[in-house]
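These values consider heavy atoms only, across backbone and side chains, with no hydrogens, waters or symmetry-generated copies.
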Amino acid sequence: MRKIQLNTCPVPLSCLCLGTASMGSAGLTGEPVDKAFAILDTYYAMGGRFLDTANVYGRWGVDRINASEIVIGRWIKERQITDMVVTTKACHYMPEAPHISRVTGTDMARDVEESRRSLGMDKLDICLLHRDNEETDIRTIVNFCVQQVEAGKVCRFGFSNYRAERVKTAIDYMGTDWQNYFVGVSNEWSLAMENAEEYNPPDGMVAVDQNLRQMAVEKGFGIFPFSSVAHGFFAKLQKCGAVYENGCWSGTEEFRGRKDWLTDANGEVYNSLLAQSAKTGISVNTLSLQYLMKQANTIPVMSVSRTEQLAELASL
């Protein structure tokens with residue numbers, strides 16, 4: 001798997017980041033962990049060296065703990081892995097109290113300490129702020145993030161679900177050496193989303209917009225899109241035999257994706273993906289992912305539920 005060198009990261013990063021949100025959510029023993037280890041082993045064997053997790057991943061699961069980080073930490077220790085870059089995320093609200101923001105220095109320090117222990121890392125490679133609280137001055141947020149870097153507990157910090165204007169203000173505030181602290185942004189982005197009409201992400205999530213894309217090019221920081229294949233939007237259309245012809249959709253009665261995304265633009269893209277897939281043998285999911293991978297400074301985050309789903313990605 002090829003690597004990408006960002007201006008904001010001291011080491012090259014794999015061109016595809018493996019998402020781990022569901023790892024450990026069904027429990028920390030037996031088959032769930034074996035399955036997670038198999039996926040991690042397969043990704044590593046492909047040359048993948050970039051994982052995405054979060055302190056909140058697993059807190060909706062059976063054990064109500066940061067299960068994803070714990071599973072990754074166990075895997076790193078048992079496999080004696082020394083060359084994996086791990087992104088984790090802090091300051092998400094607690095599942096039992098979604099109305100209470102945790103975008104504070106105290107909560108970041110708490111999450112960083114737990115993440116370090118769970119992952120078995122003295123210094124976190126990358127720590128993203130998982131949610132924004134726009135009632136808090138972005139300069140205050142930058143201050144407590146920089147504090148974690150200067151304390152040697154985090155190598156680089158970044159943002160997830162932050163608007164472009166907030167990111168720009170943060171970078172401007174950090175001054176000329178901002179690249180020694182800030183790595184990039186992880187917002188929602190996919191080919192299907194890009195061709196949806198008037199899309200508004202749910203639950204405080206933020207989509208990548210043109211302003212953020214342009215800023216990433218100008219500044220050289222990374223974009224790490226989540227929901228990068230739109231939960232299999234185009235593959236689900238193909239599976240149910242959907243047809244887009246003469247400006248109309250048909251055969252979508254059994255479609256289980258977002259029906260409000262059945263736009264003319266996505267119809268044209270869908271037909272193009274089907275034609276490319278028939279010609280190359282590459283799945284429509286992977287082809288839609290490749291669209292993001294061709295964008296400047298962009299490393300998509302993609303989760304899988306089976307090792308077989310990784311096979312086609314080995315050549316990326």
#### Entry: Side-chain heavy atoms of Leu287 within contact of Gln290, under 4.5 Å
yes
### Query
Below 4.0 angstrom, N of the basic side chain to O of the carboxylate: do Lys153 and Glu113 qualify?
yes
### Query
Nearest heavy-atom pair of Val183 and Thr8: which atoms, and what distance?
O-OG1, 2.7 Å
### Message
Using 0.5 Å steps for rounding, measure from the SG atom of Cys248 to the CG atom of Leu262.
### Response
12.0 Å
### Message
Closer than 3.5 angstrom, by distance alone: can the side chain of Gln295 be matched with the main-chain N or O of Tyr291 as a donor-acceptor pair?
### Response
yes
### Message
When you compare the side chain of Met46 with that of Leu310, does any pair of heavy atoms fall below 4.5 Å?
### Response
yes
### Query
Does a side-chain heavy-atom distance below 4.5 Å link Ser118 with Ile70?
yes
### Query
Would a distance-only check, ignoring hydrogens and angles, find a side-chain to backbone donor-acceptor pair under 3.5 Å from Tyr43 to Phe50?
yes
### Task
Verify side chain to side chain donor-acceptor pair (under 3.5 Å) between Tyr270 and Asn195, making sure each step is shown before the conclusion.
CA-CA 11 Å; Tyr270 174 57; Asn195 291 287; over 6 Å; no
### Query
Hey, does Cys17 have a side-chain heavy atom less than 4.5 Å from the side chain of Thr87?
no
### Query
Do Phe233 and Phe255 make the cut of ring centroids closer than 6.0 angstrom?
yes
### Task
Side-chain contact test, heavy atoms from C-beta onward, threshold under 4.5 Å: evaluate it for Asp83 versus Val11 and give yes or no.
no
### Message
Restricting to salt bridge (charged side-chain N to carboxylate O under 4.0 Å, His left out), what partner residues turn up for Asp41, sequence neighbours left out?
### Response
Arg79
### Query
For Tyr44, is the NZ or CZ atom of Arg49 found under 6.0 angstrom from the centre of its six-membered ring and inside 45 degrees of the ring axis?
yes
#### Entry: From CG (Asp172) to CD1 (Ile138), nearest 0.5 Å
11.5 Å
## Note on the structure
Residue pairs meeting ring pair (Phe, Tyr, Trp, His ring centres under 6.0 Å), one or both in residues 185-206, sequence neighbours left out, come to Tyr199-Trp261
### Lys294, NZ: over 12 other non-hydrogen atoms inside 6.0 angstrom
no
### Query
Is Thr42 close to Arg306 at the side-chain level, that is, under 4.5 Å between some pair of heavy atoms?
no
### Task
Assess whether atom NZ of Lys3 is packed by more than 12 heavy atoms of other residues, nucleotides or ligands within 6.0 Å.
yes
### Summary
In short, Ile100 meets Tyr93 closest at the heavy-atom pair O-CB, 3.5 Å
### Side-chain (Asn161) to main-chain (Val206) donor-acceptor, under 3.5 angstrom
yes
### Task
Answer yes or no: is there a donor N or O on one side and an acceptor on the other, between the side chain of Asp209 and the main chain of Ala164, under 3.5 Å?
no
### Message
Determine whether Asp34 and Phe37 satisfy the following criterion, side-chain contact (heavy atoms from CB on, under 4.5 Å), listing intermediate values before the conclusion.
### Response
CA-CA 5 Å; Asp34 292 342; Phe37 272 39; 5.8 Å; no
### Task
For the residue pair Cys240 and Arg256, establish whether any side-chain heavy-atom pair is separated by less than 4.5 Å.
no
### Query
Would a distance-only check, ignoring hydrogens and angles, find a side-chain to backbone donor-acceptor pair under 3.5 Å from Thr298 to Ala296?
yes
### Query
Does atom CD of Gln147 have more than 12 heavy-atom neighbours, drawn from other residues, nucleotides or ligands, at distances under 6.0 Å?
no
### Query
If only atom types and distance count, is the side chain of Ser160 paired as donor or acceptor with the main-chain N or O of Ser186 below 3.5 Å?
yes
### Query
Can you check whether Glu188's main-chain N or O pairs, donor with acceptor, with Ser227's side chain at less than 3.5 Å?
no
### Query
Atom CD1 of Ile223 and atom CG of Asn187: how far apart are they, to the nearest 0.5 Å?
8.0 Å
### Message
Measuring from atom CG of Leu313 to atom OG of Ser283, what distance do you get when rounded to the nearest 0.5 angstrom?
### Response
7.5 Å
### Task
Look at the side chain of Arg156 and the backbone N and O of Gln179, then say whether any donor-acceptor pair between them is shorter than 3.5 Å.
yes
### Task
Ignoring hydrogens and angles, state whether a donor on the side chain of Gln214 or Gln210 is under 3.5 Å from an acceptor on the partner side chain.
no
### Query
Would you say Val71 and Thr53 make side-chain contact, with heavy atoms under 4.5 Å?
no
### Query
Are the side chain of Asn133 and the backbone N or O of Glu135 linked by a donor-acceptor pair below 3.5 Å?
yes
### Check: Arg102 side chain, His92 main-chain N or O, donor-acceptor pair, under 3.5 Å
yes
### Query
Only one of Phe182, Tyr181, Phe224 forms a ring pair (Phe, Tyr, Trp, His ring centres under 6.0 Å) with Phe159, so which one is it?
Phe182
### Neighbour count >12 (heavy atoms, 6.0 Å) for atom CD, Glu96
yes
## Note on the structure
Smallest heavy-atom separation, Val208 atom then Met193 atom, equals O-CE, 4.1 Å
### Query
Got a second to check how far Thr88's OG1 is from Leu124's CG, nearest 0.5 Å?
7.0 Å
## Note on the structure
So CG of Leu119 and CE of Met84: to nearest 0.5 Å the spacing works out to 12.0 Å
